[in-house]
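Quick notes on the structure that follows.
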Amino acid sequence: HAADLLFFIGIAFGLQSLTNLAILYRLSKNKIKNYLLFILFPIIEFALLFIFSNSLLEFSLAYVSASLIFLIGTILILRVK
């Protein structure tokens, strides 16, 4: 049971790492203009983790979903010039 949870948590951390790389790269190139849009993603993540906190498996899957939403949102925001 714990191995399944670690797998999902590992995926979530990997997605967050990719998100951080994309954001930090654009910050270093001074290409991020809409900082306020990034506030939305931690709010979504907090809501998902709060709602799906009944079991560790639900929490892990919500964490993966939130990390994926953050990555996709970051990619979409960074594509807009």
Side-chain angles (χ1 to χ4, degrees):
H1 185 67
D4 296 334
L5 296 176
L6 285 175
F7 176 73
F8 291 124
I9 296 294
I11 290 173
F13 277 119
L15 292 171
Q16 280 195 339
S17 297
L18 292 174
T19 303
N20 286 336
L21 281 173
I23 291 173
L24 289 175
Y25 176 75
R26 291 296 178 122
L27 277 174
S28 69
K29 296 289 188 175
N30 203 17
K31 292 185 178 182
I32 294 181
K33 296 184 181 10
N34 297 328
Y35 294 102
L36 294 177
L37 292 174
F38 288 104
I39 294 173
L40 178 67
F41 300 113
I43 293 170
I44 292 171
E45 183 174 355
F46 175 77
L48 283 174
L49 296 179
F50 183 75
I51 292 169
F52 296 105
S53 61
N54 294 331
S55 71
L56 286 175
L57 183 60
E58 280 186 6
F59 186 85
S60 300
L61 292 174
Y63 189 38
V64 170
S65 301
S67 299
L68 185 61
I69 290 169
F70 198 178
L71 177 61
I72 292 170
T74 299
I75 290 170
L76 291 176
I77 288 173
L78 294 179
R79 284 183 153 211
V80 175
K81 296 186 182 194

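Note that these values count all heavy atoms, side chains included, but never hydrogens, waters or copies made by symmetry. The model shown is predicted, which means the values in this text are computed figures rather than measured ones.
Shown here for R26 and I32, the closest heavy-atom pair between the two residues is CB-CG1, 3.5 Å. Residues S60 and L5 approach most closely at OG-CD2, 3.6 Å, considering heavy atoms. The two residues S53 and E58 come nearest to each other via the heavy atoms N-OE1, 4.4 Å. Of all non-hydrogen atoms in S67 and A12, the two that sit nearest each other are OG-O, 3.5 Å. In terms of heavy-atom proximity, F52 sits nearest to A62 at CB-CB, 3.7 Å.
Ring geometry for F13 against Y63 counts as perpendicular: the plane angle is over 60°, on a 0 to 90° scale with 30° as the lower cut.
Follow the hydrophobic side-chain contacts under 4.5 Å out from L15 and you never reach I9; the two are in separate clusters. Under the 4.5 Å side-chain heavy-atom criterion for ILVMFWY residues, no single connected hydrophobic cluster contains both Y25 and I77. Both L68 and L76 are assigned to one and the same hydrophobic cluster, defined by single-linkage of ILVMFWY side chains at heavy-atom distances under 4.5 Å. L27 and I75 fall into different hydrophobic clusters, where Ile, Leu, Val, Met, Phe, Trp and Tyr are joined by side-chain heavy atoms under 4.5 Å apart, directly or via other members. L61 and F7 end up in the same hydrophobic cluster when Ile, Leu, Val, Met, Phe, Trp and Tyr side chains are linked at under 4.5 Å.
The CG atom of N20 lies 10.0 Å from the CG atom of L71; values are rounded to the nearest 0.5 Å. One distance of note links CZ of F70 with CG of L48; it measures 13.0 Å at 0.5 Å rounding. Residue I44 holds its CD1 atom at 11.5 Å from CG of L49, rounded to the nearest 0.5 Å. Note that CG of L78 is 9.5 Å distant from OG1 of T19, once rounded to the nearest 0.5 Å.
Counting non-hydrogen atoms of other residues, nucleotides and ligands closer than 6.0 Å to CG of L56 gives a total of 12 or fewer. Other residues, nucleotides and ligands place more than 12 heavy atoms under 6.0 Å from the CZ atom of F38.
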